[in-house]
Structure formats: structure tokens, C-alpha cells
Amino acid sequence: MGIFSSLMGNAGAVDNQKLQAEYGQLLFEAETIEAGFKIFRDTFVFTNRRLILIDKQGLTGSKTQYLSIGYKSISRFSVETAGTFDLDAELKIWISSEKEPSVSRKFNKSVNVYEVQKLLAQHVLK
């Protein structure tokens, strides 16, 4: 993922081993990481049980908020693919019955947005 793409807020895929090393302590015994994406300092991780949003805060990033969203809480989601002039794809997730998306993230072209949609569908539509 390039620095320009990071500064624009676009997510790029992160290796599962790196995610496991950094965030493995957040997982319970039977939970495994399936995929993860990084947006500058923030990360979101798809596990076999939930979506974890990691928000690094402050100038140094030493303060961190971890938001855990069970897949059962996700009422709907949308994926918008990248176009010719629009270089990023977008994912929106609605929690429960909210009118506006609770989560909205942009992906750079290195991320297969169809795979992200497939991963979410496998868990949300069970």
C-alpha cells in the first residue's frame, strides 16, 4: 500500500500473520483471523466470529479503541467498486436498524472488494 493511498484514507490488505502477532491477544480460544485491512494507522480485522475495528488515537497513536461488532448485529452492507476515474472501492456496514451506515471504509485497488463482500456475506447471511 503506497503512502499516497494511505493518506487518502484507502485501505490495503494486511498479512494475517502480522495481524495475529499484533492483535492475537484480542481473540478468544476458538477465534481465528480471516482477513484484515489497514487505513493509515487504523485497522479492521475480520475473524470467524466478528469484525474488530482498531482505531489508533492521538498524535502518537498510543491510545487505541477496539470496537467489536458481532456479525449478527450487521443488518446490511454495501460494496461499491472502483471506477475508471474513481480509484477506490467503498464498503458500508449498517448495525441493527440504523438509518446511516455505522462503518464506512474505502479500499485501494490492491484489495479485491468482491472477496471482502464474499467474506461478509458468509458470516452475515448465515
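All figures in this text were calculated on a predicted structure; none of them were measured in a lab.
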K.L.:
Which value, rounded to the nearest 0.5 Å, describes the distance between Leu51 atom CG and Leu91 atom CG?
P.N.:
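Reported to 0.5 Å precision, the distance equals 8.5 Å.
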K.L.:
Measuring from Ile33:CD1 to Ile52:CD1, what's the distance to the nearest 0.5 Å?
P.N.:
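If we round to the nearest 0.5 Å, Ile33:CD1 and Ile52:CD1 are 7.0 Å apart.
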K.L.:
Do Val124 and Ile93 come close enough that some side-chain heavy atom pair is under 4.5 Å?
P.N.:
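Not in contact.
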K.L.:
Assess the residue pair Leu67 and Asp55 against the criterion (side chain to side chain contact (heavy atoms under 4.5 Å, CB included)); give the C-alpha distance rounded to whole Å, side-chain angles, the decisive distance to 0.1 Å, and a yes or no.
P.N.:
CA-CA 8 Å; Leu67 176 62; Asp55 180 15; over 6 Å; no
K.L.:
Under the salt bridge (Lys or Arg N to Asp or Glu O under 4.0 Å) definition, can you give me all pairs with a residue in residues 42-52, not counting sequence neighbours?
P.N.:
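For residues 42-52, and leaving out neighbouring residues, the salt bridge (Lys or Arg N to Asp or Glu O under 4.0 Å) pairs sorted by first residue read Glu31-Arg50.
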K.L.:
With hydrophobic residues grouped by side-chain heavy-atom distances under 4.5 Å, do Phe44 and Leu19 end up in a single group?
P.N.:
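Phe44 does not cluster with Leu19.
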K.L.:
Taking only residues two or more places apart in sequence or in another chain, which ones pass ring pair (Phe, Tyr, Trp, His ring centres under 6.0 Å) with Tyr23?
P.N.:
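If we apply the ring pair (Phe, Tyr, Trp, His ring centres under 6.0 Å) test to Tyr23, skipping adjacent residues, there are no hits.
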K.L.:
Assigning hydrophobic clusters by single linkage (Ile, Leu, Val, Met, Phe, Trp, Tyr; side-chain heavy-atom cutoff under 4.5 Å), is Leu120 placed with Val113?
P.N.:
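Yes.
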K.L.:
Residues in side-chain contact (heavy atoms from CB on, under 4.5 Å) with Ala21, at least two apart?
P.N.:
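side-chain contact (heavy atoms from CB on, under 4.5 Å) list for Ala21, sorted by chain: empty.
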K.L.:
Parallel under 30°, tilted from 30 to 60°, perpendicular over 60°: which one fits the rings of Phe46 and Phe37?
P.N.:
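Phe46 vs Phe37 ring planes: perpendicular.
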K.L.:
Measure the CD1-CD distance between Ile54 and Gln65 for me, rounded to the nearest 0.5 Å.
P.N.:
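So the CD1 of Ile54 and the CD of Gln65 are separated by 11.0 Å.
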K.L.:
Can you measure from NE2 (His123) to NZ (Lys118) and round to the nearest 0.5 angstrom?
P.N.:
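Result: 12.0 Å between the selected atoms.
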K.L.:
Could you tell me whether a side-chain N or O of Tyr71 sits under 3.5 Å from a main-chain N or O of Thr47, the two making a donor and an acceptor?
P.N.:
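Yes.
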K.L.:
What's the spacing between Arg76 CZ and Ser96 OG if we round to 0.5 Å?
P.N.:
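Spacing of CZ (Arg76) from OG (Ser96) equals 10.5 Å.
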K.L.:
Between Leu125 and Ile69, is there shared hydrophobic-cluster membership here, with clusters defined by ILVMFWY side-chain heavy atoms closer than 4.5 Å?
P.N.:
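Yes, Leu125 connects to Ile69 through the hydrophobic network.
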K.L.:
Under 4.5 Å between any side-chain heavy atoms of Val116 and Val79, yes or no?
P.N.:
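Val116 does not reach Val79 side chain to side chain.
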K.L.:
In Å and rounded to the nearest 0.5 Å, what is the NZ to CG distance from Lys18 to Asn16?
P.N.:
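Between atom NZ of Lys18 and atom CG of Asn16 there are 11.5 Å.
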K.L.:
Heavy-atom count around Tyr66 OH within 6.0 Å, excluding the residue itself: above 12?
P.N.:
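Yes, OH of Tyr66 has more than 12 neighbouring heavy atoms, counting only those of other groups under 6.0 Å.
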